[in-house]
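Comments concern the structure below.
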Amino acid sequence: HSEETPDLDHAAVSVCASNRTLPYVWVREARKLTDMTVHSLAEYVSQLLKRYPEASVHIDGTSAGKLIERTLQKLGLPIQCADKAHKLRRIQLVQSGIRKGDMQFHQVDCMDARTEAMALVWDDARKDHSPRCDDDCWDAILYGATPHFAEHFPTAAAGPAPGTPEHAMA
């Protein structure tokens, strides 16, 4: 957003789908949205939920995202805060899915993501891309795809509490 239009911002959305009996994750849509207000975003998400009634909705809940998340919840949308942990692992899962052909992108409705992918510049350690790069669609895809990779994020086994002698020996 800008000083001239502080109520308008950009956003990105993705629609991902999977079937428990198949190894595929389909990215049905990935779009960048401009000049959005919270209410126009709510309307856009409402339209997606009408087209995809089984969908879950995940939002980047950091910073202003938390306020937007609460506002959208008050408007009756089933918003969940996206799992932002393990970003490198999520990137690797998506990259692996693309390489293996297990992650499929709609040819027309994912053009914004395709355009971003061509412009991403990775850091030297290949752990993330340059912060100067536009990554809104790819972040939306990572948030949307993460629930479909749930089996790849095992919960940590409970162990000794940090700082105890047992923890030091583990």
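In the hydrophobic clustering of this structure, Y143 does not group with Y44; members are Ile, Leu, Val, Met, Phe, Trp, Tyr whose side-chain heavy atoms approach within less than 4.5 Å, directly or through other members.
Annotation: W138 is in aromatic contact with F105 [ring centroid separation under 6.0 Å].
Heavy atoms of other residues, nucleotides or ligands lying less than 6.0 angstrom from CD of Q107 number 12 at most.
Looking at residues two or more places apart in sequence or on another chain, you find no salt bridge (charged side-chain N to carboxylate O under 4.0 Å, His left out) involving K74.
To the nearest 0.5 Å, atom CG of residue D109 and atom CZ of residue R28 are 4.5 Å apart. Note that CD of Q73 and SG of C81 are 9.0 Å apart. Values are rounded to the nearest 0.5 Å. Atoms CG and OG1, from D9 and T34 in turn, are 10.5 Å apart once rounded to the nearest 0.5 Å. Distance check, rounded to the nearest 0.5 Å: CG of L72 to CZ of R70 gives 12.0 Å. To the nearest 0.5 angstrom, L75 atom CG is 11.5 Å from I68 atom CD1. Note that the CG atom of D102 and the CH2 atom of W26 stand 9.5 Å from one another [nearest 0.5 Å].
A distance-only check finds no donor-acceptor pair linking the side chain of S40 to the backbone of M36 [under 3.5 Å]. Judged purely by atom type and a 3.5 angstrom limit, Q104 has no side-chain atom pairing as donor or acceptor with the backbone of V25. Of the possible donor and acceptor atoms, one in the side chain of T146 sits under 3.5 Å from a partner among the backbone N and O of L142.
Pairs of residues two or more places apart, or lying in two chains, that qualify as salt bridge (charged side-chain N to carboxylate O under 4.0 Å, His left out) and include a residue from residues 41-51 are E29-R51.
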| task | Show your working on side chain to side chain contact (heavy atoms under 4.5 Å, CB included) between H58 and I79 and close with a plain yes or no. | result | CA-CA 6 Å; H58 306 270; I79 301 291; over 6 Å; no
Set out, in order, the CA-CA distance, both residues' side-chain angles and the distance that settles side chain to side chain contact (heavy atoms under 4.5 Å, CB included) for H106 and V27, then state yes or no. CA-CA 6 Å; H106 190 276; V27 182; over 6 Å; no
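The two residues D136 and E116 come nearest to each other via the heavy atoms N-OE2, 3.2 Å. Closest heavy-atom contact between M103 and I98: CB-N, 3.8 Å.
Side-chain contact between R31 and M111 is absent, with no heavy-atom pair separated by less than 4.5 Å.
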All N/O donor-acceptor pairs, side-chain side in residues 12-21, below 3.5 Å, sequence neighbours left out:
residue: S14; atom: OG; partner: A140; partner atom: O; Å: 2.7
residue: S18; atom: OG; partner: H148; partner atom: ND1; Å: 2.5
residue: N19; atom: OD1; partner: T21; partner atom: N; Å: 2.8
residue: N19; atom: OD1; partner: T21; partner atom: OG1; Å: 2.7

